[in-house]
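Below is one structure, written out as structure tokens; the observations come after it.
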Amino acid sequence: MVRLMGTSTSCFRKAALAPEKQIGSCPEADTWRYHDNPQPCCGGFPQNGRRCRTGFHYREVETESSERYLDFSVGRHAKFAKNLSAPLSVEARSDPPKIGVAVTFPNNEVKPDDRSAIQKKTFTKWINTYLIKVGQAVDDLYGDLSDGNKLITLLEILTGDRLPRERGKMRFHKLQNVETSLELLKRKKIRLVNIRNDDIVDGNPKLILGLIWTIILNFEISHDPEGQASAKANLIDWAKRATRGYKGVDVRNFTSSFKNGMAFNAIIHRFRPDIIDYEGLKPENAEENLENAFSVAEEELGIPRLLDVEDFILDELDEKSIMTYLSAFNRMYSKVPTEEELAVKVYSDRINVDAKKIMNWLKSNIDRLEKKIYKMDPEMFEKYKADLQKLEKEEMPEKKELKEYLGDCYKNIKLAEAEDMITTDITIDKIDKFWEMLETSLAEKRAAVQAEKDRINAQNELADRIQSKAEHAAEKLDQIKQMLLHPPEGADLAALIQEAKQLLYNSNMEEDTRAMFSGVSALTKENHPRAEELSKEVQLISDELDEIKVRLDTLHEDLEQGAIDKIDSRINELLEQIRAKNDQLKDEGYGDNLQSSLRILDNLLTMMDEVDYLEPDIAAIKVAVAENPRSDQKQDAKIQYLDYEYGQLKSNCVSKDQDMREGVEFLEAIAELLKWGREQKEREMRFDWSDYHPIDHPYEKVRECF
């Protein structure tokens, strides 16, 4: 995590965060953005600094709490915190002597790449191998070096010098301690590139790793400030010489050459062959090889386990971590035999051991091949053939490679005038002579047995394939037959037919049947003993397949016809309902009085709802007719007639609804008029004509009804 802090008096370097991540804006400043690479400073300040137009500055600082902060050093900038965009969370804090605002970034915003994490772990372990001597240790590389004390201690152990240090805990004291360490390195003529004391105090991961690597390179690997450029070349040259001659090891770099662990084990075996069983290692067992090398080096040689097996699962390994680990072996075993001495020893050892092995192998196989082949049963013949193939494809290429290598060994021993180191009387010419004898015997045996056996094998394989396909086809056909003859109770016939057809299609039944007929024909021409039996089986399958196809076609036709019958029946039902409702419209009339008219209107509204419910049924019938291949003009005519009758019914309903509403409205007006007349009559009988006023008459309502 990173803490970003500001100051109004100096401009700090900005560490790289997520590209183009906008974290906040000041009303008086440009929008701030972070970039992967430092940008030129605005407002005339040094490069790698940032500020707003009001003079605000900030920078990135690593903390142990795994959080990132943006600190505002000028009090009036605290109000800008509310403008910071999500997902940032803001909290006010006081950081004497200036007031600021802390902005916490989510933990997953910045993650170091895998190699940086490996470097951090490796460098931490390396530092602790020295600090443990004075009872100290580093837990968090970025945080524990920030005050400069442990950095000074490390350099005192490496150089033997005594350095002054500040004991206070203020930022000034930390900066001074780190500066003391950097000045020592400069006095040792160690070049530091863009590393300043505030970078270390602020916990800049990249620059802290760079500083520790510079220390490792000069004090652990090079030991010569004037020869840093050749340190890598010297170390890889030492590794090449230490592993030369080991099978499965070819050191070309500090990454992929060490990925499977064989190189580490070879280095240990070169100097301590008694603690490593190199012949028992396999390049493909990378994890086991790495674990073996690291544990043996730690337990037997006392070399700290700076690396873990998990560090080697990356596609790109960390070169610096591997160089740091190898330097411990180089420091312990700096003397490696010369190339000439090593080569002569390797050549003579291989000749003395492997020449006898290859000669015994040649004689044994020549004797076996020269024996005559008597009549064998198929099982014995297959075993004999497998032995010949193993000899030719597996053993001979391996032995040929060994033979060629031994030839080179003989030449090099002769050039080195070291023939006295060879203890066997087997020469390369003798090995070549016996090799030619082996190739001749093998060719004769291979030509004698292969042709006829290939033909028999091909026929047997064909017969087996036909038999397998026939059994599979018979099983599928029986399954389909049972499905059609004995369907489950209440099963959907259409779904059953579709399932049966899908089974036929998925099993490639027709294609396999044609292939089986073709294969049986070929076996019959070759007079194969199983040809007649297989022919009968395939013919039976073909007959059953035809029978099932006919059955499916019949069922499908019945299903389609049944669907047509159902459609006709449903059309008739709907027509009957439509006619009945039309008759009901006519029979009910319009009513003799207001009460009967309201009842008829209510019934009409109910009928109109029922008529609307018929429309989805009619639409479904149209779809069913369109999708059924057996539908004809007869069904089309019925659908048209149904549409016509349904339309007439809806029209009649709408027309009667309008008439009924007008009639009810008229009857209601008449009823109101009659009521008024009765009330008026009673009023006039009681009326005092001495106090007369005009009375409103509702005649206009009656007139509106007409």
Side-chain angles (χ1 to χ4, degrees), residues 377-379 381-382 385-386 452-570 620-621 623-632 634-635:
D377 58 46
E379 183 177 353
F381 192 89
E382 287 298 325
K385 181 183 175 183
E452 179 63 15
K453 187 58 182 178
D454 286 347
R455 186 182 70 85
I456 295 174
N457 283 344
Q459 292 181 2
N460 287 338
E461 290 174 0
L462 177 59
D464 290 339
R465 288 198 300 270
I466 294 173
Q467 183 69 50
S468 177
K469 286 185 177 181
E471 292 174 355
H472 179 72
E475 181 181 350
K476 287 295 180 184
L477 289 174
D478 184 69
Q479 179 183 354
I480 296 172
K481 190 186 299 183
Q482 293 299 321
M483 182 190 306
L484 298 177
L485 293 177
H486 306 287
E489 185 177 353
D492 184 359
L493 182 58
L496 195 66
I497 294 173
Q498 183 62 31
E499 183 179 357
K501 288 184 176 181
Q502 192 66 36
L503 283 173
L504 286 177
Y505 176 81
N506 291 339
S507 59
N508 297 319
M509 193 69 67
E510 294 185 357
E511 182 179 347
D512 287 349
T513 302
R514 289 192 295 269
M516 286 188 288
F517 271 125
S518 176
V520 167
S521 177
L523 292 177
T524 302
K525 291 179 181 179
E526 294 291 337
N527 295 319
H528 193 277
R530 296 169 58 189
E532 183 177 359
E533 175 189 355
L534 291 174
S535 178
K536 293 179 180 179
E537 291 186 18
V538 174
Q539 186 61 51
L540 180 62
I541 289 171
S542 178
D543 294 340
E544 290 183 355
L545 178 60
D546 292 339
E547 180 183 346
I548 287 176
K549 290 167 65 177
V550 170
R551 176 63 176 166
L552 285 173
D553 290 340
T554 302
L555 290 175
H556 191 69
E557 292 176 0
D558 294 341
L559 179 64
E560 291 176 347
Q561 186 59 48
I564 291 294
D565 294 339
K566 289 182 179 179
I567 291 172
D568 290 341
S569 176
R570 183 55 180 160
I621 290 175
V623 173
V625 169
E627 292 178 348
N628 195 316
R630 297 183 66 83
S631 60
D632 52 19
K634 181 180 178 181
Q635 277 72 41

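No hydrogens, no waters, no symmetry mates; every other heavy atom, side chains included, goes into these values. Residues: numbered from 1 along the sequence shown.
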- What distance separates R465 CZ from D512 CG, expressed to the nearest 0.5 Å? 12.0 Å
- Item | N457 side chain to E461 side chain, donor-acceptor N/O pair below 3.5 angstrom | no
- Distance, nearest 0.5 Å, that separates CG of L477 from CD1 of I548: 4.5 Å
- State, with a plain yes or no, whether a side-chain heavy atom of E537 is found less than 4.5 Å away from one of M516. no
- Query: Taking atom CD of E532 as the centre, does the number of heavy atoms from other residues, nucleotides or ligands within less than 6.0 Å exceed 12?
  - Reply: no
- Item | Closest approach of A474 to I541 (non-hydrogen atoms, all atoms of both residues) | N-CD1, 4.4 Å
- Message: Measuring from atom CG of L534 to atom OG of S521, what distance do you get when rounded to the nearest 0.5 angstrom?
- Response: 12.5 Å
- Note on the structure: On a heavy-atom basis, the closest approach of I466 and G519 is CD1-C, 3.5 Å
- Do E475 and Q479 get their side chains close enough for a donor-acceptor pair, meaning under 3.5 Å? no
- Output all residues satisfying salt bridge (Lys or Arg N to Asp or Glu O under 4.0 Å) with R514, sequence neighbours left out; order by chain, then residue number. none
- Exam field: side chain T513 to backbone M509, donor-acceptor pair closer than 3.5 Å: yes
- Query: Does the side chain of D546 come within less than 4.5 Å of S542's, by heavy atoms?
  - Reply: yes
- Task: Please name the pair of heavy atoms, one in V520 and one in S535, separated by the smallest distance, quoted to 0.1 Å.
- Result: CG1-CB, 3.5 Å
- Query: Between R530 and D464, is any pair of side-chain heavy atoms under 4.5 Å apart?
  - Reply: yes
- Message: For E510, give me all partners under salt bridge (Lys or Arg N to Asp or Glu O under 4.0 Å), at least two apart in sequence or on another chain.
- Response: K549
